[in-house]
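Inspection log for the structure reproduced underneath, given as C-alpha cells.
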Amino acid sequence: MPFSLHGIGVSRGYAIGRTYLLQRNQPEITEYTIPDVIVEDEVERFLNGLRLARKQLQDIRARIPVTAASDITAFIDTHLLMLEDVSFTEAPANLIRSRKCNAEWALKIQRDTLVQVFEDMDDPYLRTRKDDVEHVVRRVQRILVTDDPAFLSDTGFSELTASRLEGRIVVADDLTPADTILMQHQGVLAFVTEYGGPLSHTAILARSLGIPAVVGARNARAYLGNNEPAIVDGRQGVVLVSLDERILRYYRHKQQEERRQQRELNKLKGKPAVTRDNITIRLQANIELPEDAVTVRDVAADGIGLYRTEFMFMNRSDVPDEEEHLASYLHVINILEGNSVTIRTADLGADKQVDGGRAGPVGTNPALGLRAIRMCLKDLAMFRPQLRAILRASAYGSVRMMIPMLSTIQEVSQVLRLVAETKQELRKRGLAFDDNMPVGGMIEIPAAAVCAAQFARYLGFLSIGTNDLIQYTLAIDRVDDEVNYLYDPLHPAVLTLIRYTIRAGHRAGIPVSLCGEMAGDPRYTRLLLGLGLTQFSMHPAGLLEIKRVIQDSHVGELTKAVQRLLRTTDAEKYTELLKDIAQN
Ligand code: PEP
Ligand code: MG
C-alpha cells in the first residue's frame, strides 16, 4: 500500500527516484567557565573560529558558477555579512570577558538572544531569517570543536557525500544555502525538508534551480527509509513511498506529460503573442538582479517591464553609488540587445527592508509607511545617484524610468523636477542621456487608480502593480499568512480599478502594462485581456505559457464577457461568469 507524507509544494514538478536521508551533524557543545588568565586566549580562539568560518564561506562562494541562480550568492553573502556584524564579533567576545564562559557557550547565549529578536518580528519573511543565525552559529561552533576540514558543509556532509546524491531525492530537516551549492551539480532530483515554508531558503533555491520541492513535511526522516524508492509531487506537496506499479505508471505518465508540454511551449519562443482576433499583445519580463536578464533573452520577451532595483541595496551596509547603478543597468541593456528596459526606482521599505537601518525605524504599519518613492523623496542622497545613473544609461539603450507606489500628483511633480535638475547636472558634466526618456509610474494604491486619468496627464506610461493594489484595496497584508485567504485578485473592486486604470491610460494615449503576479498566472490571462490589457510583464519562466493562452483567446468575445461580469451584482453569477471567462 503506498504511503504518503504531506507538506507544502513550493517548486512544481515530479521526481521519481531513491531517497537520500541527510542526518544533521550537530556540534557537541560543552559549557564551562574559564580562569581569568586565559580569557584573552579564549577571545582569540573565538576570533580565529570566525576567521576560519569566513574563509570557508569565501571558498564556497568562489565555487559558485556564474550561471548559478543569483539567490545562491546572495544567501552566502548574507552569512558572510553576519560574520562581520558586531552581534557576531563583539557581543560574544564581550560575553567571554564578562561572564568568563567558553567561546562555544558565548555563541550559544548570543544565538538565543538573536533568534528571539527574529521570532518576535511580525514579518514572516524576516522571521525565517532566524535560520541564518542558526546556520552561521553552527558553522563557527563546529570549527571550534573540531579541526576536521571535512565539516565544510552546514549539514555536516562532505563533498564525497555530495557526489553520491546524483539521481536522489534529498530528505533533510532543513537545507542551508551552502549545502545547496555543494549539491547543485550533483544531479539532485528533488528536495524534501521537514521545516520551512514558501519563503524558506530551500523553497526559493529549488524554484531558481527548477527542482521539485516539498517543505514542511514534518518528521519525514522518521517515516522515510534511506535509499527507498519515492515520488515527490512538488505541485501537490506530497511525498509517496511503498510504491506499487500503478502509482509509478501514473506519475511516469505525468512526468512525460509535463516534459511534452514544456517542449511544446519552447516552440513558441520568438513567435508573436497574437490573439485569435489579431490583436498583438506585448509580453515583457520582470527581473530582480542584472544576472536575470539572460533568462529574459532566453524566452525572447519584448524587453523588461519591471526591473526591481531595490535588490541592489540588500545584503550590504552601504548604498550603491552612481557608477555601481550604471554598471548594473548597462549590463542589462547589453544583454537585452536593443529591447527596452523599464528601470523602477528603489522600492525599499515594508517587506523589502535593507541593512544598516537606512530605511529608518520600521513603523507599526510598514506597508503604509515610509516606502518606495516616499522614502526616495525623503532621502535624496540615496535617490539622486540612481536618477543620474538611469539617465546616463538611457544614452546606451531604450530605457524607461518607473516610479513605484505613487499616491499623489505632487510626488510626480517632485520626481519630474528632480529629473529635470539631474539632466541639467549631466549636461554640465558633459554626460550623454536621452532627453526623451519616458518617465512612468506604478498604479498600486487605490487612490492612484481612481485618479489614474490625472496621473496619465503627467506620466509617459502606467504600470499596474496588482500585488500591492490588491493588498491596499482589500486591506490585507500581502505577507501575513493569517489573512492570506482574503487576498483575492478576482474581487470586483480590484478588477474595476484595473479596468479604470487601463481606460484612463488609453484615453490619454499612453501605454498601460500590468506587472504584478497576476500577469504571469495563466488563470487570469483571459480576464485581463477582457479588461483591455495589451501589455503584460511577468517572471520570465511563465511567459511562454501566457503566450499560449493569448494565442488561444479572442479579445472581442472576452471584452463582452467582462462587461457582463462587472455589471452583475449577484455573487453566484459573478463566480459563474468568471469561470466562463477562464475557459472561454
Ligand atoms: C506589485 O506591487 O504588483 C509589484 C509589481 O511590485 P512589488 O511586487 O515589487 O511590490
Ligand atoms: Mg508593488
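Just so you know, ligand 1 is whichever comes first in the structure, and atom 1 is the first atom listed for that ligand.
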Tell me which part of [X] gets within contact of ligand 1: side chain, backbone, both or neither, using heavy atoms under 4.0 Å.
X    : answer
D347 : side chain
R344 : side chain
Q471 : neither

| message | So for M442, does at least one of its heavy atoms come nearer than 4.0 angstrom to any atom of ligand 1? | response | yes
| request: Using distance alone, decide if ligand 1 has a nitrogen or oxygen within less than 3.5 Å of any nitrogen or oxygen in E310. | output: no
| request: Would you check whether E517 has a nitrogen or oxygen atom less than 3.5 angstrom from a nitrogen or oxygen atom of ligand 1? | output: no
| Between E310 and D347, is there a donor-acceptor pair closer than 3.5 Å when you use the side chain of the first and the backbone of the second? | yes
| said: Whether the side chain of Y487 engages the backbone of L474 through a donor-acceptor N/O pair (distance < 3.5 Å, no angle test) should be reported. | reply: no
Atom indices of ligand 1 within 4.0 angstrom of [X] heavy atoms, with elements:
X    : value
R371 : 10 (O)
C515 : 5 (C)
L306 : 5 (C)
G465 : 1 (C), 2 (O), 3 (O)
R308 : 4 (C), 5 (C), 6 (O), 7 (P), 8 (O), 9 (O)
E444 : 1 (C), 2 (O), 6 (O)

For the residue pair [Y] / [X], report whether a side-chain donor-acceptor contact shorter than 3.5 Å exists.
X    : Y    : answer
S513 : S537 : no
D468 : Q471 : yes
T309 : Q386 : yes

| T501: side-chain hydrogen bond (donor to acceptor under 3.5 Å, both in side chains) partners, not counting sequence neighbours | none
| Salt-bridge criterion met for R523 and D521 (N-O under 4.0 Å) | yes
| said: Taking R12 first and then E258, would you say they form a salt bridge - that is, a charged N and a carboxylate O separated by under 4.0 Å? | reply: no
| query | How are the rings of Y329 and Y307 set to each other: parallel, tilted or perpendicular (split at 30° and 60°)? | reply | perpendicular
| task | Please calculate the OE1(E444)-the Mg ion (ligand 2)-OD2(D468) angle and round it to 10 degrees. | result | 90°
